[in-house]
Amino acid sequence: MNNQNSHHVVSDEDIKWMKHALALADKAEGMGEVPVGACVVYQGNVVGEGWNTPITDHDPSAHAEMMAVREAAKTLKNYRIVDATLYVTLEPCSMCAGMLVHARVQRVVYGASDAKTGAAGSVMNLLQHAALNHHTEITSGVLKEECAGKLSAFFKQRRDEIKRAKRAKRAALKNCGSTE
């Protein structure tokens, strides 16, 4: 799909805040969650931050972006987060993109693209959809390798754990049968 990036030059600020989002992703990973982190920056300050917690919170909407924008709205005492930038390690999904449009976030900067559910240009582009009344600037690929690498390593580890558990279960079943 054609990604309509605003072709922002990646700034030192973008790098700084994406590194902060990556550190937040580590919090999610430490909880056994998919390692995605996000922060909302307004006038040079973080006003909201979040990381994935849908498993922990039993909440399918507990994505990093959602958590960061909820905190930012409370901090700013406004459900509109105008003139703010969201930094997130993974391209927002359609749920999060819709929320970002409603919140009137000015700019979204993300690291890794999401070829399965990305709604900022990969699968679709809700953030800049012609029919919507608000369009969000997009800058993609900031620290892309670090962001994608963190996700890839997490899912590889998870697949390896599943394989080990299956092998252990087969071995246990085999041992139960031979002791009779």
TODO: Taking all non-hydrogen atoms of both residues into account, name the closest pair between Ala21 and Tyr87 and its distance.
DONE: CB-O, 4.0 Å
TODO: Give a yes-or-no answer on whether the side chains of Glu91 and Ser122 include a donor-acceptor pair shorter than 3.5 Å.
DONE: yes
Task: Glu49 side-chain N/O to Leu24 backbone N/O, donor-acceptor pair under 3.5 Å - done: no
Task: N/O donor-acceptor pair under 3.5 Å between Arg70 side chain and Glu65 backbone - done: no
- [ ] May I ask you to decide whether Asp26 forms a salt bridge with Lys150, counting only side-chain N to carboxylate O separations under 4.0 Å?
- [x] yes
Open item on the list: Would the distance check show the side chain of Ser11 and the main-chain N or O of Glu13 forming a donor-acceptor pair, the cut-off being under 3.5 Å?
Closed with: yes
Open item on the list: Please give me the minimum heavy-atom distance between Asp83 and Gln106, naming the atom from each residue.
Closed with: CA-OE1, 3.1 Å
Task: Side-chain donor or acceptor of Asn52 paired with backbone N/O of Ala64 under 3.5 Å - done: yes
Task: Tyr79 reachable from Leu76 in the ILVMFWY side-chain graph, under 4.5 Å edges - done: no
Open item on the list: Whether the side chain of His135 engages the backbone of Leu127 through a donor-acceptor N/O pair (distance < 3.5 Å, no angle test) should be reported.
Closed with: no
Task: Any donor-acceptor N/O pair, Gln128 side chain to Glu137 backbone, under 3.5 Å - done: no
Open item on the list: Can you confirm whether Met31 sits close enough to Trp51 that some side-chain heavy atom of one is under 4.5 Å from a side-chain heavy atom of the other?
Closed with: yes
- [ ] Please determine which of Arg164, Lys163, Lys156 meets the side chain to side chain donor-acceptor pair (under 3.5 Å) test together with Asp160.
- [x] Lys156
TODO: Could you tell me whether His134 atom NE2 has more than 12 heavy atoms of other residues or ligands within 6.0 Å of it?
DONE: yes
TODO: Work out which heavy atom in Met67 is nearest to a heavy atom in Ala62; give both atom names and the distance.
DONE: SD-CA, 3.8 Å
Open item on the list: Tell me if a side-chain donor or acceptor on Ser94 pairs with a main-chain N or O of Ala119 at a distance below 3.5 Å.
Closed with: no
- [ ] Measure from the side-chain N and O atoms of Arg80 to the backbone N and O of His102, and report whether any donor-acceptor pair falls under 3.5 Å.
- [x] yes
- [ ] Mark yes or no for whether Asp57, through its side chain, and Asp59, through its backbone, hold a donor-acceptor pair below 3.5 Å.
- [x] no
Open item on the list: For Thr136 and Arg107, which I'm curious about, is there any donor-acceptor pair between the side chains at under 3.5 Å?
Closed with: no
TODO: Any chance you could measure Leu90, atom CG, to His63, atom NE2, to the nearest 0.5 Å?
DONE: 9.5 Å
Task: 4.5 Å side-chain heavy-atom contact, Val101 and Leu126 - done: no
Open item on the list: If hydrophobic clusters are built by linking Ile, Leu, Val, Met, Phe, Trp and Tyr wherever their side-chain heavy atoms come under 4.5 Å apart, do Val82 and Val46 end up in the same one?
Closed with: no
Open item on the list: side chain to side chain contact (heavy atoms under 4.5 Å, CB included) for Leu22 and Cys147? Distances and angles first, verdict last.
Closed with: CA-CA 7 Å; Leu22 278 161; Cys147 294; 3.8 Å; yes
Open item on the list: side chain to side chain contact (heavy atoms under 4.5 Å, CB included) for Arg167 and Arg170? Distances and angles first, verdict last.
Closed with: CA-CA 5 Å; Arg167 280 196 299 270; Arg170 280 195 302 270; 3.4 Å; yes
TODO: State, yes or no, whether a side-chain contact exists between Val123 and Thr117 at a heavy-atom distance under 4.5 Å.
DONE: no
- [ ] Using the side-chain contact (heavy atoms from CB on, under 4.5 Å) rule, pick out the option among Ile138, Leu86, Thr139, Val142 that qualifies with Tyr110.
- [x] Ile138
Open item on the list: I'd like to know if the side chain of Asn45 reaches the main chain of Val47, judged simply by a donor and an acceptor atom lying under 3.5 Å from each other, with no hydrogens or angles considered.
Closed with: no
